[in-house]
Amino acid sequence: MDGEVGPVLYDSLKRLEYRGYDSVGEAAVVNGKIVVKKDIGKIDEVERRLRISDLSGSIGIGHTRWATHGAPSQENAHPHLDCKGIVAVVHNGIIENFMELKQELEASGHVLRSRTDTEIVAHLVEENLKLKIGFVESVRRAAKRLTGAYALAFVCADEPDKIVCVRKESPLVIGVGTNANYLASDIPAFLPRTKNALLLEDDEMAVLKHDQVHVMKVETGEEVVRKPFVVEWSVETATKSGFPHFMLKEINEQPLTVRNALRTQPIYLELMASAMNRANKIFLLACGTSYHACLAATYAFANLAKVEVTPVIASEFIDSYGALIDKDTVVLTVSQSGETADTLTAVRGAKDRGATILGLTNVMGSTLTRLSDVYIGQNSGPERGVAATKTFTAQYSVLIKIALALARKRNVASSKDIQRLEDGFNRLPEWVSTTLSAQRENVRRVVQKNSDKGSFCFLGRGISVATALEGRLKLLELSYLPAIAYPAGESKHGFISVVEEGYPVLFVAPQDEAYSKIIGNVMEMKARRAHVVSLVEGNDGQVASLSDETIQMPNGIPSLLTPIVFIVPLQLFAYWMAVMKGYDPDFPRNLAKSVTVH
Ligand code: F6R
């Protein structure tokens, strides 16, 4: 572009500030050298400290980081450089094979400065540049070695007229301007400068110069011809990727966030499984939605790893179990924010009694990560909707992977069961995305039909009790309706007195071990003339035929994976109910995203 790049980068990063981040950085090519400015903190704090908007040069890249690999720190902030400072890279996503590549690079003399999965990419390009094949080809060959999800952008001191970028699974959009071109992970970054956008597809790369954009395939280097489209969205709509609310955007992100959660490095799963294997007592600790992920995981630990774990609501933990906690206790704590006061108090209480703390969180660098002996980041990216959606499915995805690691360690699962689950992991993103596309309108219709009802009940059996409880929580927190959730078998011990003609009961009814019993529960409700809405597999016969309305789910999901797919229509149900009642689903009354008070 003409003019200085610093103010443009600063302004563009500010436009993406709504996404949440812990550190900021920029790199530009100035007089044939790469200049990097980066640090932890908010953009304006880093601006005060380092004057990032002063960066000169006409080509540059910038980044705000939401930590995944490696805690928030100056070294871990992007951009990252190679050994010689010739290549700078920024990255969104997860490089799955970074450990292997890191070992290979270190063995051939590279010195890595950060703990990120990103830095290795700069060194891979550095290696390729030694072959004198040029910057673009060096990036292409480096990208071919990566597995995982990535949107990468590079500058190179040797070829200061271009930015090279690559995409696989993580979003990357190019803004085609007049005498300037832009790239970003989200359209709002460049929307005030150009409305002409070009989407990169998976396994494509692009070379941006001030007056040209070339798109090509990573595999072959073959050119791709693609015309830009005109973005009609306002900045406000663009920040939600065209969705009317963050919650709907986040529900729709789940095929990707589930896949990212399943990418957790085996070494951390292994560390947690080892700690759990040594323990005498294991507690799963959390609040709210995170507690429901723990509840579902309890079934997985029992049925897959054959290990008893006790799920506990954090505010009850020390009063209920404080007397039992000692150095042989493991407390696996789940908290999206890592800052929930009730959860942290319980963790501190357990730590004081000598327990080992394992943490699962979406916020690296949060208090939970500091209190934990081992922690895992669930890789969901920031969640803006107050109601947890994508972070629930990601939490449970990691928890089931821990359960599987423990089952393997204890040698208690058959290879057939393990294979079925592994196949299921591969298909999960597709199941979630099919459910989203096939049921979006149906769920809206079901909500419309039932929007005058004053209360709802959610029933399930086995692992689906957790799904029912989470569906209930979503509905009541967003639409302020009293809602009930029960193990279906328990409903006849009290709840059934509430049921009268037309009372809406939602059944979560996958065809798992509990299926034959839930048929009886549906009959009990129908006998009281309840209005039954059931979530059933596509090939379902009996429950579907007993129901007034059905929401059809994909067939053949392994029982332990059903919460991840069956919760999706219930999230949509709560979303649409709030919207139809005129409430803002992103900001339900009286609730905060992170509850930092007792
Ligand atoms: C529900 C919701 C809350 C949180 C709870 C725990 O949609 O968001 O119930 O799940 O406050 O928060 P974290 O996971 O941050 O500890």
Side-chain angles (χ1 to χ4, degrees), residues 20 66 245-251 254 257 261 283-297 311-317 331-348 350 357-372 375-399 458 466-481 483 485 563 567-568 570-575 577-578 583-598:
W66 176 269
H245 297 99
F246 284 110
M247 183 184 177
L248 194 56
K249 170 178 180 265
E250 286 157 3
I251 290 172
Q254 290 177 107
T257 48
F283 294 99
L284 302 189
L285 188 75
C287 301
T289 289
S290 302
Y291 171 73
H292 295 149
C294 292
L295 212 51
V312 195
I313 287 178
S315 53
E316 291 295 316
F317 185 53
V331 179
L332 171 50
T333 307
V334 182
S335 171
Q336 186 283 128
S337 61
E339 299 295 350
T340 301
D342 288 335
T343 307
L344 295 179
T345 301
V347 166
R348 289 189 177 105
I357 309 297
L358 310 179
L360 171 58
T361 182
N362 194 28
V363 185
M364 303 296 260
S366 59
T367 308
L368 178 59
T369 62
R370 294 198 294 275
L371 291 174
S372 298
Y375 60 84
I376 290 179
Q378 59 182 83
N379 289 329
S380 310
E383 188 171 60
R384 290 289 306 274
V386 164
T389 53
K390 63 175 180 173
T391 54
F392 169 75
T393 46
Q395 282 167 342
Y396 181 64
S397 299
V398 177
L399 289 170
F458 295 75
T467 315
L469 282 163
E470 176 58 9
R472 185 273 306 256
L473 177 59
K474 291 288 91 88
L475 183 71
L476 66 79
E477 70 181 327
L478 297 180
S479 62
Y480 320 141
L481 286 170
I567 195 59
V568 171
L570 298 183
Q571 294 168 340
L572 288 171
F573 188 85
Y575 170 81
M577 191 65 81
Y583 302 136
D584 183 345
D586 284 341
F587 299 103
R589 70 186 183 202
N590 305 337
L591 290 175
K593 182 69 189 155
S594 174
V595 185
T596 52
V597 289
H598 290 290

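Any value given below was found using the heavy atoms of this structure, including those in side chains, with hydrogens, waters and symmetry copies removed. Counting starts at 1 for both ligands and their atoms, following the listed order. Please read all numbers here as calculations on a predicted model, not as lab measurements.
At least one heavy atom of Lys474 sits less than 4.0 Å from an atom of ligand 1. Ligand 1 has Val386 within reach: a non-hydrogen atom of the residue lies less than 4.0 Å from it.
With hydrogens and angles ignored, the 3.5 Å screen pairs a side-chain donor or acceptor of Asn362 with a backbone N or O of Ser380. Looking only at distances, a side-chain donor or acceptor of Ser479 sits under 3.5 Å from a matching main-chain atom of Leu475. Side-chain N or O atoms of Arg370 include one that pairs as donor or acceptor with a backbone N or O of Gly365 at under 3.5 Å.
For atom 15 (O) of ligand 1, the candidate residues are Ser290, Ala341, Ser337, Gly338; the nearest heavy-atom contact is made by Ser337.
At least one N/O-N/O distance between Ala388 and ligand 1 falls below 3.5 Å. Taking only nitrogen or oxygen atoms, main chain and side chain alike, Thr340 reaches within less than 3.5 Å of ligand 1. Any N or O atom pair closer than 3.5 Å counts here, and Thr343 shares no such pair with ligand 1.
If you check the side chains of Gln571 and Gln254, you find a donor sitting under 3.5 Å from an acceptor. A donor-acceptor contact closer than 3.5 angstrom is absent between the side chains of Glu339 and Ser366.
Only the side chain of Glu477 comes within 4.0 Å of ligand 1, judged by heavy-atom distances.
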Stepwise side-chain contact (heavy atoms from CB on, under 4.5 Å) test for Leu248 and Leu572: CA-CA 8 Å; Leu248 194 56; Leu572 288 171; 3.8 Å; yes
